[in-house]
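What follows is a set of notes on a single structure, which appears directly below.
Worth knowing before you read on, the calculation uses all heavy atoms, side chains too, and leaves out hydrogens, waters and symmetry mates. First the proteins, then the strands, lettered A, B, ... as listed; each starts at 1.
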Protein chains: 2
Amino acid sequence: MTGLPFDERTLREARRIAQRTPPAETDPKVEALVTELIGRVADKWTMLILEVLHQHGELRFTQLARQVEGISQKMLTQTLRQMERDGMVTRTVHPVIPPRVDYRLTELGASLGAAFCGVWIWAEENLDKVEAARRAFDASGATVRR
Amino acid sequence: MTGLPFDERTLREARRIAQRTPPAETDPKVEALVTELIGRVADKWTMLILEVLHQHGELRFTQLARQVEGISQKMLTQTLRQMERDGMVTRTVHPVIPPRVDYRLTELGASLGAAFCGVWIWAEENLDKVEAARRAFDASGATVRR
DNA sequence: CAGCATCCATTCAGATACTG
DNA sequence: CAGTATCTGAATGGATGCTG
């Protein structure tokens, strides 16, 4: 992949999000959603799918499978269903033979990418520090148990 | 938990992050770090530890275990080690009997929380849409295979 | 007190085979 | 074409017991 879709529109959205002031007290439902969202985005495939759909606009199942390198058909189906359920993606079934199903990002799905821009930028800014910390830790002989 | 540490300083940091313009071409190393970071934060415990350390300043192992509700000792040790390795946390061993180990957030660790503010705010703004989408999906009789 | 080592149940993802 | 169903190995995380 080539990273988050950093076009101008996405960046504007990311900045608008950061300008908002969140309430002092966090709604438990929001908390649960955040945890779920982060977990979803971390699941390795969601972000990749988000990205290729953002780039291509609309894709069929097989086209997606080709674009998202390494994904199994099972994971593609599963991830797309979850994204559809969360309103990130629309699934359009054309009643033809052979079947044809189109997937497209929704506004909601596109803006989720923007929400993660902050993490992306942070990583860029702090990559050196993290790497240095890791080198120091490993050189000290310490290990992380598994 | 009560949500991300949304104090003024954290918010300023989040906004500063969002104002930066990322490069057009993403460094593969940054990409790998982003994926790792998101995965780490999604692992359920890292964020919680980040939060209680942010609130309390410095805590001993057992105090952390008490503050982070539900965490097993194994997961606490493992997560703390990973955070230490990544430079998010400092671990100070006092050579006394019984042993005493203090954990404290680093600047880097604190700023990571800020990087995720965008996701938090996004979730607050879009919770209703996601819930509506899920209700519609579930009502349609569709399911997500497991 | 602050861990490490070990065992075990559950989850998960990949491969494979089959279908409307 | 766009899936579903099933099997299996691997990774996770919790519980328990032990130690300097």
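Residue T62(A) places at least one side-chain N or O closer than 4.0 Å to OP1 or OP2 of dA2(D). For R60(B), a side-chain nitrogen or oxygen approaches OP1 or OP2 of dA2(C) to under 4.0 Å.
Protein atom CG of L76(B) is 18 Å distant from nucleotide atom P of dT12(D), rounded to whole Å. Atom NZ in K74(A) sits about 13 Å away from atom P in dT8(D), given to the nearest Å. As rounded to whole Å, 17 Å separates atom C1' of dA13(C) from atom CZ of R145(B). As a whole-Å value, the separation of K44(B) NZ from dG13(D) P is 9 Å. Counting to the nearest Å, the P atom of dG20(C) and the CD1 atom of I97(A) are 12 Å from each other. Residue L59(A) contributes atom CG, which lies 15 Å from atom C1' of dA2(D) at whole-angstrom precision. D43(A) places its CG atom 16 Å from the C1' atom of dT12(D), with the value rounded to the nearest Å. Between Q82(A) atom CD and dC12(C) atom P the separation is 10 Å, expressed in whole Å.
Looking at E131(B) and K29(A), a side-chain N of the basic residue comes within less than 4.0 Å of a carboxylate O on the acidic one, giving a salt bridge. Between R9(B) and E107(B) a salt bridge is recorded (basic side-chain N to carboxylate O distance below 4.0 Å).
With sequence neighbours excluded, no residue forms a salt bridge (charged side-chain N to carboxylate O under 4.0 Å, His left out) with R81(A). Residues satisfying the salt bridge (charged side-chain N to carboxylate O under 4.0 Å, His left out) criterion with E13(B), sequence neighbours excluded, are R16(B).
Residue G70(A) is the one, among G70(A) and P99(A), whose nearest nucleotide of DNA chain C lies closer to the 5' end (criterion: closest heavy atom).
Of the candidate nucleotides dA2(D), dA13(C), dG14(C), dA13(C) has the atom nearest to the side chain of Q78(A). Set against dG13(D), dA2(D), dG14(C), the side chain of W45(A) has dG14(C) as its closest nucleotide. The side chain of F61(B) lies closest to dA2(C), out of dC1(D), dC4(C), dA2(C).
With L64(B) as the partner, the side-chain contact (heavy atoms from CB on, under 4.5 Å) test is satisfied by one option alone out of L76(B), T79(B), D102(B), V101(B): L76(B).
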